[in-house]
Number of protein chains: 2
Amino acid sequence: MAKTRFRKRANLRDVAKLANVSVATVSRVLNTPDSVAEVTKAAVTAAIAELRFVPSAAARAINSGRSRVVGALVPTLDHAIFARYLAAIEQTLSGYRLSLVVATTKGDAAIEAEKAQTLVDIGAEGLIVSGVTHEPGLYDLIERCQLPAVATSYYDPDFLLPTIGYDNAGAGRIALQHLLDLEHSRIAVVHGSLIGNDRTLARLKGLENTGDAELSFVEADLSIEDGCKSAQTILSAAHRPTAILCLSDVLATGVLYEMKRQSVEVPKDVSVIGIDDLPGSAHASPSLTTVHLPVVRMGHATAVAISEWIENGLKPSGMLLATDLIARESTGVRRPA
Amino acid sequence: MAKTRFRKRANLRDVAKLANVSVATVSRVLNTPDSVAEVTKAAVTAAIAELRFVPSAAARAINSGRSRVVGALVPTLDHAIFARYLAAIEQTLSGYRLSLVVATTKGDAAIEAEKAQTLVDIGAEGLIVSGVTHEPGLYDLIERCQLPAVATSYYDPDFLLPTIGYDNAGAGRIALQHLLDLEHSRIAVVHGSLIGNDRTLARLKGLENTGDAELSFVEADLSIEDGCKSAQTILSAAHRPTAILCLSDVLATGVLYEMKRQSVEVPKDVSVIGIDDLPGSAHASPSLTTVHLPVVRMGHATAVAISEWIENGLKPSGMLLATDLIARESTGVRRPA
DNA sequence: CCGCCAAATGTAACTAGTTACACAGCTTGT
DNA sequence: ACAAGCTGTGTAACTAGTTACATTTGGCGG
């Protein structure tokens, strides 16, 4: 009874003893079964089964120097854009027999640095981060550990880490240009928080060359709710804009809902454009004109890059992914007032 | 030169040698710094810095027997319901200093069993699975490894593993009852794939007690796209139903869009109800009546349960989370034909 | 009938940490 | 003044695997 009371996990030597073979033989049964005689193999297999032996991942890792884990740091999981992107990463990593650990940062660089440390603590072999704004601590960590790391959602060939992403300023510019082409000259811009969010900042940067147009800005949390509120603010303004440029589809969706609620016709009374191209945007009514961000391709490319780096030591160069205007129903030529 | 050519990662003994102390002292500097004299500590710290020493996660894990990693198997990440749920899990696990590895299964039990094995291979200390339909291989694995594992999104006190979730049949029943209360008697049911999806199956089971109502069924992929298509099918039927019950909000959203496109008024001409209560559902127009599934609470509860099990050996009992009807604008009393 | 070779297996030394125990050196109490 | 006790540190034995090298065994050719 005392024996079975607290039977701790069996290890290689327990199996070896029971099967009356050496530890090396057990190890061989596990790794190179062809090099072991059938009878011996059978005995070892039986012992493994009897002891319910499961090899220790840590012990294997210590020998191989491999954990087969890569870590991804994202602001949130609760946003379709990051979820899709991580889905693509996971799928591709899986093909390289690598696993994905996800850590969320709430867009806070300090939390990010902290969570990066815990990723290193569990032995992550590579890191994927979002954007190019980080704590020095994160760079230190990457440098100290000689950790393969790539930054995504942002393309910047001069950045310390390889970047795989799109031209956020360009995406903003594309959206703005579309509205300018439609002769809009009073445009409200709805954007998410600027604190620590280089993507949003860059998109705003892309709006600098406005020609004759006059831009006004509204900041909002990244939620449909806040998109609605922003629309209210904009509609109640003295000089109503003829177009609303949302730096994210989530906000645009909220704006669209509020327009409907207030019986403002889109695009007749006001045009609305987003950036992201979420799965739902094509089905909104009116369907949302937006700038497509290739997050799925980005996820795949990122996973391939980090995998090749980890497995073959091939440090990737950056990759710029194209963003395209998807013209749908929510934008139209400004009607002469 | 030859020395620096390929300086492999420094280890404890390298640091000890350089600092002229023993390995134990270095280890103490790392783990119990207060037990080391200041001068010694400084020397060791300097050596650590000089060699860019980073302790090996695997070696630590082998001693502690801990990996601090838990694995979650979900059908997909590309669906708000799972993303929100995982976000909640990650957040709560993080509080226990545990990391989350995500593996996606495409709803395929065989892929699930396979990925569960890779989770064990990287040393996961606990497993979170979705639903109660799995391969024997998965159960074997859990049993062999004595792995803490909980099943979610489905409550079944008699299941082999502790379940933390809701009553899916009940959720279906609530939705149906709502429509019956509104005097609907011809109801179309739109549901996702039944293959290997016990949640959908259970929700359908909940629709058995129909009273006088007559139900028709349409199967669709879980996408807005397919929700639209299903609506087309339903609208073109000879005997048009007065209400559409969607077993998922994604489908309901598609149905709603199609109604708008075809100028079918909701809820005047037809009522629409969903199940899930996605973030966007409250903002649809008309806003979607649905059955709220507490996925965030489920995520938290699951994370707490698995953490307590791992850390303190407390095997959780199951937990039934309430589902509530959220009556909004998309349902109304059937108009006398 | 002996030696050579290959297949099968064992021994022991690795991987990189943690930690029980021993012990030196100094302070404090009697 | 000497024992006791505390602090700081070192030695070596652990954790659980992999693997280089050594050894045994048996078949087959000369």
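Per chain, numbering begins at 1; letters A, B, ... match sequence-line order. Reckoned from all heavy atoms, side chains included, excluding hydrogens, waters and symmetry mates.
Between Leu18(B) atom CG and Phe53(B) atom CZ the span is 12.5 Å, to the nearest 0.5 Å. Distance check, rounded to the nearest 0.5 Å: CG of Leu321(A) to NE2 of His300(A) gives 11.5 Å.
For residues 32-42 of chain B, proximity to DNA chain C is found at no residue, defined as any non-hydrogen atom under 4.0 angstrom from a strand atom.
End-to-end axis angle for the helix from dC1(C)-dG30(D) to dT30(C)-dA1(D), using five pairs per end and rounding to 10°, comes out at 50°.
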Legend entry - Contact pattern, 5' to 3', of nucleotides 13-21 of chain D - B, S or - by protein heavy atom under 4.0 Å: --BBBBB--
Please tabulate, for side-chain N and O atoms in residues 71-88 of chain B, each donor-acceptor pair with protein atoms closer than 3.5 Å (sequence neighbours left out).
unit_1, atom_1, unit_2, atom_2, d
Thr76(B), OG1, Asp78(B), N, 2.8
Asp78(B), OD1, Arg84(A), NE, 3.4
Asp78(B), OD2, Arg84(A), NE, 3.4
His79(B), ND1, Ile81(B), N, 3.0
Arg84(B), NE, Asp78(A), OD1, 3.4
Arg84(B), NE, Asp78(A), OD2, 3.4
Tyr85(B), OH, Thr152(B), OG1, 2.6

Show me the donor-acceptor pairs, under 3.5 Å and distance only, between side chains in residues 94-104 of chain B and residues at least two apart or in other chains.
unit_1, atom_1, unit_2, atom_2, d
Ser94(B), OG, Lys115(A), NZ, 3.3
Tyr96(B), OH, Glu308(B), OE2, 3.0
Thr104(B), OG1, Glu90(A), OE1, 2.5

Hey, can you pull the donor-acceptor pairs under 3.5 Å for the side chains in residues 31-38 of chain B, sequence neighbours left out?
unit_1, atom_1, unit_2, atom_2, d
Asn31(B), OD1, Arg60(B), NH2, 3.3
Asn31(B), ND2, Ser27(B), O, 3.0
Asn31(B), ND2, Ser27(B), OG, 3.3
Thr32(B), OG1, Ser35(B), OG, 3.2
Ser35(B), OG, Thr32(B), O, 2.8
Glu38(B), OE2, Lys41(B), NZ, 3.3

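In this structure Ala19(B) satisfies the side chain to side chain contact (heavy atoms under 4.5 Å, CB included) test together with Val21(B), Val44(B), Ala47(B), sequence neighbours excluded. Partners of Ile195(A) according to the side chain to side chain contact (heavy atoms under 4.5 Å, CB included) rule, which considers only residues two or more places apart in sequence or in another chain, are Ser193(A). Residues satisfying the side chain to side chain contact (heavy atoms under 4.5 Å, CB included) test with Ala61(A), not counting sequence neighbours, are Ala58(B). Not counting sequence neighbours, the partners of Tyr139(B) by the side chain to side chain contact (heavy atoms under 4.5 Å, CB included) test are His134(B), Phe159(B), Leu160(B).
One N or O on the side chain of Asp198(A) and one on the backbone of Val132(A) form a donor-acceptor pair closer than 3.5 Å.
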Output a table of nitrogen or oxygen pairs between the protein and nucleotides 22-26 of chain C separated by less than 3.5 Å.
none

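Listed by first and then second residue, the salt bridge (Lys or Arg N to Asp or Glu O under 4.0 Å) pairs involving residues 121-137 of chain B are Arg66(B)-Glu125(B) (not counting sequence neighbours).
Across Pro294(A) and Tyr166(A), no two heavy atoms sit closer than the pair CD-CD2, 3.8 Å.
Among the heavy atoms of the strands lying under 4.0 Å from Asn20(A) are primed sugar atoms or P, OP1, OP2 only; no base atom is included.
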